[in-house]
Amino acid sequence: MSLALYTKNLAVGYAGKPVLEDVNISLNKGEIMALIGPNGAGKSTLLRTLARQLNILNGNIYLDDKDINEYKRETMARKVAVVFTDRVKGELMTCKDVVESGRYPYTGFMGKLSDKDKQIVARVMEDVRILDIGDKDYNAISDGQRQRVMLARALCQEPEIIILDEPTSYLDVKYKLEFLMALEEMQKKSNLTVIMSVHELDLARRFADKVVCIKDGKIDREGKSSEIIEEGYIKELFGIGDELTCYAKGKHISVL
């Protein structure tokens, strides 16, 4: 398998101050990587840097063995799509309008969609199962539907890599599973490479090929989900003491 993305001694942060340092991660094409760790550990900062929304403080990021900074903006938009928790301002926009905006990296100066663009939009909306809400006001749909619209928007870019920051936060179990099933189906169908941060460890264990654990400003562990997500280590990663563990077990709550 060939590498889709890897980093060398990467440092990320804000205003010149690092949040994470010495980040050396790699991901093969078609794999799903999940970032886990405590709130504030730097997961979102890392994702935004990988997406080139934040400047690199030190080190390098490579896409297809090419330094990320060598890509033009429009080429980058075709290779990497993002789904972050920031809300799209969808005033007076239908769900279909929002999805169509994902084709803008391929349109001309006027931003007019070609017949091919329209066909791709229709196909992706069908794949993500949102054709039935295409004409609805984007601001009038549920959070679960909104996340699938944003996934469709990203997939319309026909990216090689998709980056998602806590895509299932605030969704109930049904919508979490629907969203991740749609993502997994597209990943298999298009050999899509996925990097996402998640809080739900059971979902990371179920869907991720590789798990990266972030703690205390560094990558603490990296490996297969079956090797990483086990109770003893998870307690250490999230600072869960024996008292909290006993309380959780008494309430039939799994620390995983």
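If you're wondering where the values come from, they're calculated on a predicted model, not measured in any experiment.
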Does the side chain of D64 come within less than 4.5 Å of L3's, by heavy atoms?
no
Do L201 and L203 share a hydrophobic cluster (ILVMFWY, side-chain heavy atoms under 4.5 Å, transitive)?
yes
Do L113 and E100 have side chains that approach each other closer than 4.5 Å (heavy atoms only, starting at C-beta)?
yes
Polar contact flag, side-chain donor to acceptor under 3.5 angstrom, R205-S226:
no
Would you kindly confirm whether V128 and M93 end up in one hydrophobic cluster when ILVMFWY residues are joined by side chain heavy atoms under 4.5 Å apart?
yes
CD1 of I195 to CG of D165, rounded to nearest 0.5 Å, is 12.0 Å
Give a yes-or-no answer on whether the side chains of D135 and T94 include a donor-acceptor pair shorter than 3.5 Å.
no
Interatomic spacing from CG in N60 to CG in D67 - rounded to 0.5 Å:
5.0 Å
Check the pair Q147, Y175 against side chain to side chain contact (heavy atoms under 4.5 Å, CB included), reporting the backbone distance first and the verdict last.
CA-CA 9 Å; Q147 281 295 78; Y175 283 129; over 6 Å; no
Please walk me through it: do K210 and E222 pass salt bridge (charged side-chain N to carboxylate O under 4.0 Å, His left out)?
CA-CA 7 Å; K210 183 179 291 186; E222 178 183 356; 3.8 Å; yes
Between R206 and E184, is there a side-chain N and carboxylate O pair less than 4.0 Å apart?
yes
Less than 3.5 Å apart, any donor N or O on the side chain of E200 or T168 sitting next to an acceptor on the other?
yes
K215 NZ: over 12 foreign heavy atoms closer than 6.0 Å:
yes
If you look at every heavy atom in Y14 and R48, which pair is closest and at what distance?
OH-CD, 4.5 Å
For a 4.5 angstrom cut-off between non-hydrogen side-chain atoms, does K118 reach V121?
no
A51 and V82: which non-hydrogen atoms are nearest, and at how many Å?
CB-CG1, 3.5 Å
Does any N or O in the side chain of S101 come within less than 3.5 Å of the main-chain N or O of V98, such that one atom is a donor and the other an acceptor?
yes
Restricting to non-hydrogen atoms, name the atom on G37 and the atom on K43 that form the minimum distance, rounded to 0.1 Å.
O-NZ, 3.0 Å
Quick check: is M181 connected to V173 through a chain of hydrophobic side chains (ILVMFWY, heavy atoms under 4.5 Å apart)?
no
Any donor and acceptor pair, going by atom type alone, linking the side chain of R148 with main-chain N or O of A182 inside 3.5 Å?
no
Between R146 and Y138, is NZ or CZ placed under 6.0 angstrom from the six-membered ring centre and within 45° of the ring axis?
yes
E178/K174 under salt bridge (charged side-chain N to carboxylate O under 4.0 Å, His left out): CA gap, chis, key distance, verdict:
CA-CA 6 Å; E178 284 184 351; K174 175 178 180 290; 2.8 Å; yes
Can you tell me how far apart OH (Y104) and CG (D117) are? Round to the nearest 0.5 Å.
10.5 Å
Run I32 and Q187 through side chain to side chain contact (heavy atoms under 4.5 Å, CB included) and show every step you take.
CA-CA 8 Å; I32 298 178; Q187 177 257 340; 3.9 Å; yes
Could you check I133 against V149 for side chain to side chain contact (heavy atoms under 4.5 Å, CB included), going step by step and ending with a plain yes or no?
CA-CA 9 Å; I133 61 170; V149 169; 4.1 Å; yes
Can you tell me how far apart OG (S142) and CG (D172) are? Round to the nearest 0.5 Å.
8.5 Å
Can you hop from L171 to F207 via hydrophobic side chains spaced under 4.5 Å?
no
Residue pair K218, D220: steps toward the salt bridge (charged side-chain N to carboxylate O under 4.0 Å, His left out) verdict:
CA-CA 6 Å; K218 61 183 179 65; D220 197 60; 2.9 Å; yes
From L10 CG over to Y62 OH, what is the distance, rounded to the nearest 0.5 angstrom?
10.5 Å
Please find the pair of heavy atoms, one from V194 and one from L183, that lie closest to each other, and give the distance.
CG1-CD2, 4.0 Å
CG of N55 to OG1 of T49: how many Å apart, nearest 0.5 Å?
8.5 Å
Within a strict 4.5 Å, meaning less than it, do heavy atoms of the T107 and K112 side chains meet?
no
I need the minimum non-hydrogen distance between P167 and S197, along with the two atoms involved.
CD-O, 3.5 Å
Look only at the side chain of E31 and the backbone of N28, and say whether a donor-acceptor pair between them is shorter than 3.5 Å.
yes
Which residue in the set I36, L46, L237 passes side-chain contact (heavy atoms from CB on, under 4.5 Å) when paired with I214?
L46
Side-chain heavy atoms of I161 within contact of L63, under 4.5 Å:
yes
With heavy-atom distances below 4.5 Å as the criterion, would you say the side chains of L50 and I163 are in contact?
yes
I would like to know whether I130 and V99 meet side chain to side chain contact (heavy atoms under 4.5 Å, CB included); could you show each step before the answer?
CA-CA 10 Å; I130 56 169; V99 176; 3.9 Å; yes
A208 and A34: which non-hydrogen atoms are nearest, and at how many Å?
CB-CB, 3.7 Å
Do N24 and T7 have side-chain N/O donor and acceptor atoms under 3.5 Å apart?
no
Does the distance from a Lys or Arg side-chain N to an Asp or Glu carboxylate O, for R103 and E158, drop under 4.0 Å?
yes
Would you say Y71 and I61 are hydrophobically clustered, going by side-chain heavy atoms of ILVMFWY under 4.5 Å?
yes
Between I68 and M76, is any pair of side-chain heavy atoms under 4.5 Å apart?
yes
Can you find a pair of side-chain heavy atoms, one from T193 and one from L27, that are under 4.5 Å apart?
yes
